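This report concerns only the one structure given below.
Scope of the values below: all heavy atoms of this structure, side chains included, with no hydrogens, waters or symmetry mates. All values reported here derive from a predicted model rather than from experimental measurement. Every chain is numbered from 1 and lettered A, B, ... according to where its sequence line falls, protein lines coming before strand lines.
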Number of protein chains: 2
Amino acid sequence: MISSIPSKTVFHAIERTIKQYRKFAQKNISNAVNDITIDQAMVLAFLEKHPDLTQKEIAALVFKDNASMTRMINLMVTKKQLTRSINTLNRRRFNLEITLKGKQVLEKLGPIVQDNRKKALDGVTEEELIQLESILEKIASNCK
Amino acid sequence: MISSIPSKTVFHAIERTIKQYRKFAQKNISNAVNDITIDQAMVLAFLEKHPDLTQKEIAALVFKDNASMTRMINLMVTKKQLTRSINTLNRRRFNLEITLKGKQVLEKLGPIVQDNRKKALDGVTEEELIQLESILEKIASNCK
DNA sequence: TGATAATAATTGATATATCAACTATATTTG
DNA sequence: CAAATATAGTTGATATATCAATTATTATCA
């Protein structure tokens, strides 16, 4: 007996919101660039800012596990968005490098990603954003 | 060039929060009941409240597509949490029924789910909850 | 009524999620 | 230094996500 039905909880609202945003963003991305997912785009974006990230670190940044990241990066390598080479200083790691094609994807995606975020947050005030982040942070840290 | 890095956005915070909650909740559920996922538990909970739901309707309630729902329910049937029989009034549909085993799972899960929600929302005021839902709703509806 | 369209569910293909077991390399420590 | 540990990544197994195509049934409408 689960007295309060799941659809009435705030967790349901959180889930709904992020899924809706992902669908919306993915649709707009797919209209501009072929064959790239939001998560792959995020991997590229993180690597652009921090070229020395390991697979494990990227996985943590996009909330995935190492196994998923291995497979995602395999795909991105076969799609020529990334290259992978052994790091000679620590042979357990890989150097990941964004290819020219990957850079072009990032270039095209930039304005679209910005626009997605802007549209999704239309009518949300700066103050609300701060509240939102602070409440979410509270919940997340309760779940540790 | 994606100027604002994904980890700084509110979407990242939303994603992080829901994933953290799911992990937390799944862990507590797994400690009490073997071999059930959060989503399966939600399917049971929805069916308990609304026994006439179709697979399609349940899918919408838990934000999954029909294909995923078909496979999930197949599994739940082989795990004897549900039975599936043809609806004679509309032979495209199925009647889904919670088995005794499924009911026992719900029984055990009830207090755990309640406790999960309570712990996750510890220190979050009623007002904050209302704000949270209203901001999330705004974002979700921007993404339609 | 018969052709057409809509609906509920399934299936196939491919990607991703998750856990556990494993490999290879690097670090620690007794 | 050698043995034990830790770390980065891979692989296998199974479940789920997603899209498109398909089946079976029901509803529409010309």
Assign A:Thr54 to base, sugar-phosphate, or nothing according to its heavy-atom contacts below 4.0 angstrom with the strands shown. sugar-phosphate
Non-hydrogen atoms of B:Leu82 and B:Ile98 that approach each other most closely: CD2-CA, 3.9 Å
Could you tell me whether A:Arg22 contacts a base, only the sugar-phosphate backbone, or nothing, with contacts defined as non-hydrogen atoms closer than 4.0 Å? nothing
Considering every strand and a 4.0 Å limit on heavy-atom distances, what is the contact class for A:Asp39: base, sugar-phosphate, or nothing? nothing
Interface residues of residues 69-78 of chain A with DNA chain D (non-hydrogen, below 4.0 angstrom): A:Thr70, A:Arg71
Is any side-chain N of the basic residue among A:Glu97 and A:Arg84 closer than 4.0 Å to the acidic one's carboxylate O? no
Indicate whether OP1 or OP2 belonging to D:dG9 is found under 4.0 Å from a side-chain N or O atom of A:Lys56. no
Would you mind telling me which residue lines up with the more 5' stretch of DNA chain C, B:Gln55 or A:Asn87, judged by nearest nucleotide? B:Gln55
A:Lys119 with A:Asp115: basic N within carboxylate O range, under 4.0 Å: yes
What is the separation between atom CG on B:Asn90 and atom P on D:dT23, rounded to the nearest whole Å? 20 Å
With A:Glu15 as partner, the option from B:Lys64, B:Lys19, B:Arg22 fulfilling salt bridge (charged side-chain N to carboxylate O under 4.0 Å, His left out) is B:Arg22
Let's see if you can work this out: which of D:dT10, C:dA26, D:dG9 has an atom nearest to the side-chain heavy atoms of A:Arg91? C:dA26
C:dA26, D:dG9, C:dT11: which one has an atom nearest the side-chain heavy atoms of A:Arg92? C:dA26
Whole angstrom is fine here: how far is it from CD in B:Gln26 over to C1' in D:dT16? 13 Å
Let me know, please, whether A:Arg84 or A:Lys23 comes out on the 5' side of the other along DNA chain D by nearest nucleotide. A:Arg84
By nearest-nucleotide position on DNA chain C, the 5'-leaning member of A:Thr37 and B:Ala67 is B:Ala67
Quick one: B:Asp52 CG to C:dA8 P, roughly how many Å, whole number? 14 Å
Expressed in angstrom and rounded to an integer, what is the separation of A:Asp65 atom CG from C:dA17 atom C1'? 6 Å
Enter the distance from A:Met69:CE to A:Asn66:CG here, rounded to the nearest 0.5 Å. 8.5 Å
Quick check for you: among D:dT26, D:dT16, C:dT18, whose closest atom lies nearest to any side-chain atom of A:Ser68? C:dT18
Reckon A:Gln40 touches a base, only the sugar-phosphate, or nothing at all at heavy-atom distances under 4.0 Å? sugar-phosphate
Counting only side-chain heavy atoms from C-beta out, which of C:dA9, D:dT10, C:dA17 sits nearest to B:Arg93? C:dA9
Separation of C:dA8 P from B:Phe94 CZ (nearest whole Å): 13 Å
Got a sec, which residues hit ring pair (Phe, Tyr, Trp, His ring centres under 6.0 Å) with B:Phe11, two or more places apart in sequence or on another chain? A:Tyr21
Which whole-number value in Å describes the distance from B:Ile86 CD1 to C:dT10 P? 10 Å
For a side chain to side chain donor-acceptor pair (under 3.5 Å) check, start with the C-alpha distance between B:Glu137 and B:Ser141, then their side-chain angles and the critical distance, and finish with the verdict. CA-CA 6 Å; B:Glu137 169 55 32; B:Ser141 90; 4.6 Å; no
Just do the salt bridge (Lys or Arg N to Asp or Glu O under 4.0 Å) check on B:Glu128 and A:Lys138 with the steps written out, would you? CA-CA 11 Å; B:Glu128 283 175 323; A:Lys138 210 185 279 185; 3.1 Å; yes
Write down the distance between NZ (B:Lys19) and P (C:dT16), rounded to a whole number of angstrom. 12 Å
Please give, in whole Å, the distance from C:dT23 C1' to A:Asn66 CG? 14 Å
